[in-house]
Amino acid sequence: CMEAERPVDSEMKYRLMEQDQSPPLNTPEPEVPSFIASKVSQYSCQRKTTLNNYNKKFTDAFEIMAENYEFKENEIFCLEFLRAASVLKFLPFPVTRMKDIQGLPCMGDRVRDVIEEIIEEGESSRAKEVSNDERYKSFKQFTSVFGVGVKTSEKWYRMGLRTLEEVKADKTLKLSKMQKAGFLYYEDLISCVSKAEADAVSLIVKNTVCTFLPDALVTITGGFRRGKSTGHDIDFLITNPGPEEDDELLHKGLLLYCDIIESTFVKEQLPSRKVDAMDNFQKCFAILKLYQPRVNSNSYSTSKNFDMAEVKDWKAIRVDLVITPFEQYAYALLGWTGSRQFGRDLRRYATHEKKMILDNHALYDRRERIFLKAGSEEEIFTHLGLDYVEPWERNA
Ligand code: DCT
Ligand code: MG
């Protein structure tokens, strides 16, 4: 069983990068930023965005605004704020004056208003209004449940429901199997997955897959591949699939929930033009039971409480397993590594700048009318005429 990429390696590279980028001591900060704002691409796939965000104050506000527009299904305004957030995440300095954003792409009037107010007042009244808004607060709670999206939230809100307590109390509601699992493991699932937990789950998944497919490649994708230290789930990409590995986890009692989506991929089909489309891979949205050694701060409390209640010695963790044919592996890896914004911009760039269609399966050249094969992410960037961007620089 091959480990496609050791997470430790990428983390080390990331740390080195950080060191390289920090200015030497004793050198005064240059007054003018060392880049030209008008040269910044509107596509995040032409920018290098590490986790080093100097503008969190702004991007947090933008993300609240974007989420509220998402809840209202206003895709255009939502994307406007997500794109602006992505540009500010890339900036190598904190914005302190309106002059700092002059010439940058994706800075429309709505965005500028928010920036201006944060510079002047320290916070955005609009973002604050949104975070106190009843509808926003309800949608935020509802969508925090595994299996609940905007559509379900909308339905519950229209029924007059406002909190998760009210949803749970309403016995007339018909919850899906996924949502039932979401409520059952709610507390565990809203707490973040740590890097250590991701490594532990990674071992379980790799061992299990290898039992059946000794040649299989198992890679962590998603935020952890981009160097994040926490996530809401752990994403895995597996090549050379067999259906057995899911059963094996089930038999060991490790799978608390599993929703297997069969592959809907049709050979010869053109890549999807939808910018936010789901792919057609066989995948498994799962909740895994991760046993953890109990942390006993002192023996006194242990001896006292030991008999009184059964101590829960595991944590429920969201795991996405995506299974891909070997020829599509590089495309699947690129898509599932994200970030979402980076992926959106890659597809937008392919469509508008290259007359190509990109999705998580393939790249289609519309002029030449051929599918472009790729064995690695580097080759996909080359096909698109883009400089390679490392995973930890895709935090757009
Ligand atoms: N993705 C995709 N198609 C989907 C779902 C996700 O191509 N149907 C991509 C986009 C990002 C990546 O997979 C991982 O998705 P998430 O787990 O949602 O994002 P993340 O960056 O890993 O964030 P988190 O740390 O919160 O898990
Ligand atoms: Mg993830």
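Side chains are part of it too, since the values below use all heavy atoms of this structure and drop only hydrogens, waters and symmetry mates. Whatever order the structure lists them in is the order used to number ligands and atoms, beginning at 1. The first residue in the sequence is number 1, and the count goes up from there.
Of the polar atoms of Asp279, none of the N or O atoms is found under 3.5 Å from an N or O of ligand 1, judged by distance alone. At a 3.5 angstrom cut-off on N or O pairs, Gly223 counts as close to ligand 1. Among the atoms of Asn360, some N or O lies under 3.5 angstrom from an N or O of ligand 1. Checking only distances, Thr337 never comes within under 3.5 Å of ligand 1, N or O to N or O.
Annotation: cation-pi geometry satisfied between Arg110 and Phe77 (NZ/CZ under 6.0 angstrom from ring centroid, within 45° of ring axis).
Put simply, Asp320 stays out of reach of the Mg ion (ligand 2), with no N, O or S atom under 2.8 Å from it.
In this structure, of Phe342, Phe285, Trp336, the residue bringing a heavy atom nearest to atom 14 (C) of ligand 1 is Trp336. Nearest to atom 21 (O) of ligand 1 by heavy-atom distance, out of Arg226, Arg394, Arg344, Arg225, is Arg226.
Partner Tyr329 forms a side-chain hydrogen bond (donor to acceptor under 3.5 Å, both in side chains) with one of Thr239, Thr219, Thr324 and no other, that one being Thr219.
Under a 4.0 Å criterion applied to the non-hydrogen atoms of Gly222, ligand 1 contributes the atoms 14 (C), 22 (O). Ligand 1 places these atoms under 4.0 Å from at least one heavy atom of Asp235: 14 (C), 17 (O), 22 (O).
Atoms NZ and CZ, on Lys48 and Phe90 in that order, are 10.5 Å from each other to the nearest 0.5 Å.
Between the Thr49 side chain and the Asn395 main chain, no donor and acceptor come within less than 3.5 Å of each other.
Atom OD2 is the N/O/S atom of Asp235 found closest to the Mg ion (ligand 2). Summary: OD1 is the N/O/S atom of Asp233 found nearest to the Mg ion (ligand 2).
Using modelled atom types and a 3.5 Å distance limit, the side chains of Ser191 and Lys315 yield a donor-acceptor pair.
For Phe326, the CZ atom is loosely surrounded, since the number of other residues' heavy atoms within 6.0 Å does not exceed 12.
Shown here for Ile287 and Ala316, the closest heavy-atom pair between the two residues is CG2-CB, 3.7 Å.
Ligand 1 is approached by Gly335 to a heavy-atom distance shorter than 4.0 Å.
Taken together through direct or relayed side-chain contacts under 4.5 Å among Ile, Leu, Val, Met, Phe, Trp and Tyr, Met107 and Val95 form part of one hydrophobic cluster.
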